Engineer: 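Below is a structure I'd like to ask you about.
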Amino acid sequence: MFLNLHLVVLFPFLLAVLTLVFGRRLGRHLGWALVPFPLACALYLLSLVPRVASGESFSATWNWVPSLGLSFSLHLDGFSLLFALLISGIGALVTLFSIHYLDPDEDFGRFYLYILLFMGAMFGVVLSDNLLALYMFWEITSISSFLLIGFWHEEADSRAGALKSMLVTMAGGLSLLAGIVLMGIAGGSFSIRELADKGALVQGHPYYTAIVVLVLLGAFTKSAQAPFHLWLPGAMAAPTPVSAYLHSATMVKAGIFLTAKMAMILGGTGLWFGLVAGVGMVTMLLGSYLAVQQRDLKGLLAFSTVSQLGFMMAMFGYGTPEAQSAGVFHLLNHALFKGSLFLLVGIIDHQTGTREIDKLSGLRRAMPFTFAMMALSALSMAGVPLLNGFVSKEMILAALLEPPFGHNLFTVALPLLGVAGSVFTTFYSLILAHRLFFGPVTETTPEKPREGSWGLLFSPALLTLLVVVLGIAPGLVEHGIVGSAVSALRGEPVAVHLALWHGFNLPLLMSLSAILLGLILYLWQEPVLAGLRRVSSVRWNVNALYDGLLQFLEVGSDRVTRRMMTGYLRDYLVLILGFTALITGYALARSGIFGFDWRRLALTEISWTEFAVIVAMVVGAITAVVARQRIAVALGVATSGFMVAVLWVLWHAPDLALTQTIVETVSVVPLFLVFAYLPRLRQQPFRPKVEGINVFVSVLLGAVVTGFLLLSYGHQLFPSIGQFFVDNSLPLGGGRNVVNVILVDFRALDTMGEITVLTLVGLAVAALVRSRREPADIDEKKEMSGVMINPLILPAFSRLLFYLILIYTIYIFFRGHHNPGGGFIAGVMAASALIIWALAYERPAAMALVPVEPRRLMGSGLLLVASLGLGAVLFGYPFLTQGFTEIELPWFGRVELATALLFDLGVWLVVIGSIKGIVMELSDGRPIAHETGASHGREESGRS
Amino acid sequence: MSNLTTVDLNFFAVAPLITLAAAGLVVLVLELVLPAERSRPWWYAAGLGGIALALYYVALLWSGPAAGPAASIIGAGLWGRVTNGISVFGGAYVVDRFTLLFSGIVLIAAFCTVLLSTARRDEDMPGYVALVLGAALGMCVLAGAGNFLTLFLGLEILSLNLYVAVAFERHNAAAKEAALKYLILGALATAAMVYGFAFLYGQTGTMSLSGLARGWEADSTVLMKVGLGLVLLGLAFKLALAPFHVWAPDVYQGATAPITAFMSVGTKAAAFAALVRVLLALMPEESPELLLPLWVLAVASMVVGSLSAAVQTNVKRLLAYSGVAHVGYLMMALLGMNHQGVSAGIFYMAAYLFMNIGAFAVVVSLGKNGREGEELSDFTGLFYRRPGLALAMTLFMLSLAGMPPAAGFQGKLYLVFSALGSGAGGAALWLVGALVVTTGISAYAYLRVVTTMFRRSEAQAELADAGHVEAAPAGLVNAGEGGGTGASVAGEGPLSWALTVVVAVAVIGTLYLGVAPQSMLALTRHVLPLP
């Protein structure tokens, strides 16, 4: 059994792959090659009927993803068998029909590929015992339906229909998946059979209501129940064989299938009854009401299908044995007569070139066989005795009168809805059976009507034959098909009685009155239709809702996107910083920052000098923000920086202070040099809203960071690593200046990395500036305007200053190991001397002062450091181990002759080289080529 | 001074990293020693070879050679320990199956990226290849970071390489703008992260991830929270979690498609791995509510990502927003910090690797006249021009939308199960609910691409009416797995073999993970010491 059932599901997929490979070679003969498969399936399944009828069921399990509870386990019982028979039987007929129906130059390969995918997926849906596997196949049916609807892509409505059907069924599918997962949690299993045994457990679970709603949403969308019926008419853009197969006989019934199966787990409650029966009967009336007003034959059939699906759906909401028998039998009957009707409409479309009801009349003579079959099928749909529709409709009406929970207003209303719907059913059935074929012979069709070929007529003929046979002798399927299906749904053998005649009773009366009223309406059709259409112009269909929803989605997301994605960096910054500040601020507030003990800060110990420095810092920062000229901004920033240096002085950290001062100087100067090349700062008009947000975010962020600092204040959980360096810098590193020893010894490797980076930066900046510069000979006249050269004082003093600084630099360099100073500071100082020279004189003069190219300076520095490190290795020490000894020198006092000094020299060379390189390039004076680049990324640009 | 001898210098354990770095240098040296025209194929060959060798080492570290010369050369002592993970370089780098899995994902992405880039004819391609290799190196470092320094190092290596790679189109102002935005915002995020490290270090006195948890025992946990929050912020930026995603669309659009593809998969994978390691080290078990902000970000990402994706007409932007939503989904893997969650996260990353690289490969292959096929209008009627490519793109889009039987479906399903099984209660339900709703919304975005491909453009329709395109969907024959091979039909040149390979790999990967996820799930099981 394992092999056979899995073969039934997997074989279509295998065939689909073969179709991909060989399809084109066979062309339209592909259909002939494929027909045997569904036929064989149908025959095989038919051969199982007696065994299933005797109560046997078949299962086969194939572990797929056990960790997800997903298994490819199949189970064939009476109900699944009925569906599998429909899928294979009608599949075979539709394939046969399509061979003659499609234009010879259509792409058959693709068409059958999708059909096969669908067939396999549909088998998977009805045979799967595992709900997750069922869901997978369920979605594949949606995808293949999407592809099949879009088969005739040239037409715009085809694509819109495909998209709509996909969106609606996919949304439903997602909801189904959510329901399945919740059900799995509640029941502890994904097997339908196991869950059916645990029905009480699931129904008692707090998730029960959610499960029912979610699962039913899936089923309703698939079966086009109100208010989700909107996608089915849109799907009619598909080729007619597809409509017959997917949108009438099989796929739309997957929702019915699921509802019937899930009733085993979830059914039998008032909630289930109310939802399923209520929605079903409302859909029944709404569908038939809309069907009569259609002008397109396929539209009529689509709404008629919606209506009939509602009928069946309601039966599985009732859930009584009678209702289930009626539902199952009607399901079979509907597949037969509606399948036939779709194919016949396809023939009319094929032979006349139109499906518009108003253009078609008097076809009786030209298409006698079509007429006969159409009349029989349509009348069966209307519930005329001696046709199969009559029998099941009687049963449905009878079941409607016997609600499972006793009578109330709701249960009385449902049969009335059924009768009202049936009146319209009769009406549109007569349109199909009578109006098209009688009256004056049509002249307005694009092609002159002719009877279809035998190949076209064969499939509907077979279906119509079954319509008549089952109408006269319903007993043929009483036990084997319907009986075993109902038994499977109830989990116990049920004796079903299908009979043509039940005597004069209420259902018969309802049925006859519906036919009679329908006939009357049909006779008065002109005024009736006109009236109905006038009422319906207030948009009964939910398409408006769907369109509105999509529009809402588009507009909404458009607005969200535009608001966030302005394309401006500053807005992004505000967003990111603001969000960060909000979240962390919230966390801080929660952690009791407001309860902070301010006395711990000991504000009184702050001296007035410190206070003044801090005020200056703040002023500098504010200046930088509000200033309207770049120079003022740079000065503001520099003020803050220099004030930090002053703080270091106040806190007795001369080394840091020295470094900070010089670094600030050297970084401000290039800023000034760069300004010359920049366009004027654009003055933004004051925008209160924007500025307000900016100020708010800045203040909030500042407050949050202050909060962090307050909280971390005084938290030192373990001794600082600093003490180690203080203790060991002299004994291990031979230097009393701890900072310097750390730089050149303890962390020498880091320093080496840093000066490498510095070298790269120097080279990169110089290269960047040079690459953007316009050739010198073109723009000699464009003088640098930003740097003011004072022709008298500066040159005079700078010469003096230069040598003074240089001499001092040497001093700083040598004392560095024990006192504040060192290679880095000395290098930066020397470079600043060069900068002064460059500012005072022309660039070539400054260049000539140090007649070595910057890159050679940097390179030799790096080389020196690296060879020092390797030298240590040569002596058998780890890389960069320093050695030292001390000597006395005049003027300098005790100086160490340490390798660390050479290391410092390397640092000195690199620093001088990189700064010289940068400053030289920037102070060249020739303008830099500007490039006009439009800002991109704004959402407008991403849209057509 | 430095006592290097006590540090465990196991160079074999970092062989993939060394290989990547060496390959990058080889590419650059090749440019120096050979004239461009002669060496062009060798740049790519060296890059691809380096990545392949790194992948080989990853596989070797995973399984270990049973016998033979390799085992004797490399020293057999290592084998068998990788399963539980080994720390090398004094705990700075962790080589366990988790690291190896993410390295594998990153390396496959890098391999595809170099393949996708072979069409570029620019002079400076060796730099480009070296940048990709460098970024891959950074991602692998990040995935195996054992302490904050390594974490920072990995993050910066990958970021710096990517900043430059984004700006690589020198004459494209958009690319430069994108790179600048990425750089500035990225620096901000990195600064926040380092600030966070400082807080954590101040509280625990250790930089090592394995020693962090004890900080919660100290008297003030506020600083731990602040530190954790700032580190999360930095990673959220790299992951492009909303609202830290603002850079992503601009950068994705500005960069070339191969770089974007690499960035979207590789950075996410590496940052996710780092996030898992940080949370594993830092999360006190008794206070799961600490991660509430992360769940807020996840939901925000799902909503913003799918909403914004729905209105995009630029496919690269669309994929950027889609990536934002997908990272939101990915966060569900962290709900329980347990085996199932981590396994689901890795699986999802693997699925995302194939479907996303595939989609970008299609964008690259639609490029012509020096611009990429990134506008939605470039996809109009693709089905009639290159049916195989269009079907492949359909598969990727459906997979991104989470439709069976593609990998994206299994990934989402697994995430949902791990979330519901995490015991996180309300947060889990919220996230699952958001996933369901936003999947529905994002489906609209993806299906729009699909329907566009099936729409015949006016010109094509006219041709068809005139009977010229009688063989419109030809090539369907070859369309199955090969993807682009059917492209030889209607006017446009055939896809290069490199693009074909990437599309084919992506199609096979997406289908394989969707239909037979078991094998991948088995790989992801118990890769970290988790409950």
Side-chain angles (χ1 to χ4, degrees), chain A residues 17 20-21 24 65 67-68 105 107 109-110 136 139-140 143 150 153-154 159 162-163 166-167 170-171 174 178 181 185 553-554 556-558 560-561 564-565 567 569 572-573 575-576 579-580 583-584 587 591 708 711-712 715 717-718 732 745-746 749 878 881 933-937 942-944, chain B residues 1-2 4 173-174 176-177 181 184-185 199 202-203 205 218 220 222-223 225-226 229 233 243-244 246-247 249-250 253-254 293 304 307-308 310-314 317 377 398 403-405 413-414 416-417 420 436 439-441 443-444 447 451 454-456 461 473 476-477 479-480 517-518 521:
Chain A
V17 173
L20 264 180
V21 181
R24 290 200 60 74
V65 195
S67 49
L68 290 184
D105 54 353
D107 186 1
R110 211 167 80 229
M136 285 191 68
E139 290 292 37
I140 298 177
I143 295 173
H153 323 272
E154 288 94 303
R159 282 191 322 274
L163 187 61
M166 187 68 177
L167 282 177
M170 215 190 125
L174 276 172
V181 170
I185 293 174
L553 173 74
E554 289 224 350
S557 54
D558 198 56
V560 167
T561 312
M564 287 182 111
M565 308 301 301
L569 189 59
Y572 295 174
L573 277 173
L575 193 68
I576 288 183
F579 197 80
T580 310
I583 283 203
T584 44
S591 341
F708 289 169
L711 280 175
S712 54
H715 273 286
L717 300 173
F718 42 87
L732 292 180
D745 198 335
F746 290 120
L749 194 64
T881 309
S935 168
H936 88 103
R943 207 180 313 278
S944 59
Chain B
M1 261 315 301
S2 314
L4 285 174
K176 280 187 279 192
E177 182 181 332
K181 281 175 178 166
I184 292 179
L185 294 173
F199 276 110
Q203 198 66 13
S220 164
V222 182
L223 293 181
K225 287 184 200 165
V226 168
L233 189 155
F244 305 109
V246 281
W247 57 274
D250 292 359
Q253 190 184 356
V304 169
L307 268 185
S308 295
V311 289
Q312 298 305 319
T313 55
N314 181 304
R317 280 186 92 78
S377 53
L398 290 177
M403 296 286 279
L413 193 62
Y414 207 34
V416 167
F417 278 117
L420 292 175
V436 170
T439 298
I441 297 173
Y444 176 70
L447 289 179
T451 43
F454 284 82
R455 178 167 64 218
R456 215 170 264 215
L476 193 73
V477 181
Q518 201 55 37
L521 285 178

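Sequence lines set the chain letters: A, B, ... in the order given, protein chains first and strands last, and positions in each chain run from 1. Quick caveat, the model's predicted, so the values are computed rather than measured.
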Engineer: Just give me the residue among T451(B), L398(B), V226(B), L413(B) that pairs up with chain A most often, heavy atom to heavy atom, under 4.5 Å.
Structural biologist: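 It is V226(B).
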Engineer: Quick one: CD on Q312(B) to CZ on R317(B), what's the gap to the nearest 0.5 Å?
Structural biologist: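 Answer for the CD-CZ pair, Q312(B) versus R317(B), is 5.5 Å.
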Engineer: Quick one: of L185(B), L420(B), L521(B), L233(B), who has the most non-hydrogen atom pairs under 4.5 Å with chain A?
Structural biologist: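 Maximum pair count with chain A is reached by L185(B).
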Engineer: Quick check on M170(A) against chain B: is it the side chain, the backbone, both or neither that has a heavy atom closer than 4.5 Å?
Structural biologist: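 Only the side chain of M170(A) comes within 4.5 Å of chain B.
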Engineer: Find out whether Y572(A) and D250(B) are in side-chain contact, i.e. whether some heavy atom of one side chain is under 4.5 Å from a heavy atom of the other.
Structural biologist: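 A side-chain contact under 4.5 Å exists here.
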Engineer: Any heavy-atom pair between the side chains of L307(B) and L553(A) that's under 4.5 Å?
Structural biologist: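 Of all side-chain heavy-atom pairs linking L307(B) with L553(A), at least one is under 4.5 Å.
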Engineer: Tell me, do V436(B) and V416(B) make a side-chain contact under 4.5 Å, heavy atoms counted?
Structural biologist: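 No; the side chains remain at least 4.5 Å from each other.
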Engineer: So which residue, L569(A), L163(A), T580(A), ends up with the most heavy-atom pairs under 4.5 Å with chain B?
Structural biologist: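 Option with the greatest count: L569(A).
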Engineer: One pair to check against side-chain contact (heavy atoms from CB on, under 4.5 Å): I184(B) and W247(B). What are the steps and the verdict?
Structural biologist: CA-CA 10 Å; I184(B) 292 179; W247(B) 57 274; over 6 Å; no
Engineer: Between F199(B) and K225(B), does the side-chain contact (heavy atoms from CB on, under 4.5 Å) criterion hold? Intermediate values first, please.
Structural biologist: CA-CA 9 Å; F199(B) 276 110; K225(B) 287 184 200 165; over 6 Å; no
Engineer: Between Y414(B) and chain A, with a heavy-atom cut-off of 4.5 Å, which part of the residue counts as in contact: side chain, backbone, both or neither?
Structural biologist: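 For Y414(B), heavy atoms of backbone and side chain both lie under 4.5 Å from chain A.
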Engineer: Between I185(A) and chain B, which part of the residue has a heavy atom less than 4.5 Å away: side chain, backbone, both or neither?
Structural biologist: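 The answer is the side chain of I185(A).
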Engineer: Can you tell which of T584(A), L573(A), L174(A) has the highest number of heavy-atom pairs within less than 4.5 Å of chain B?
Structural biologist: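 The answer is L174(A).
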Engineer: With a 4.5 angstrom heavy-atom cut-off, which part of I583(A) approaches chain B: side chain, backbone, both or neither?
Structural biologist: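 The side chain, not the backbone.
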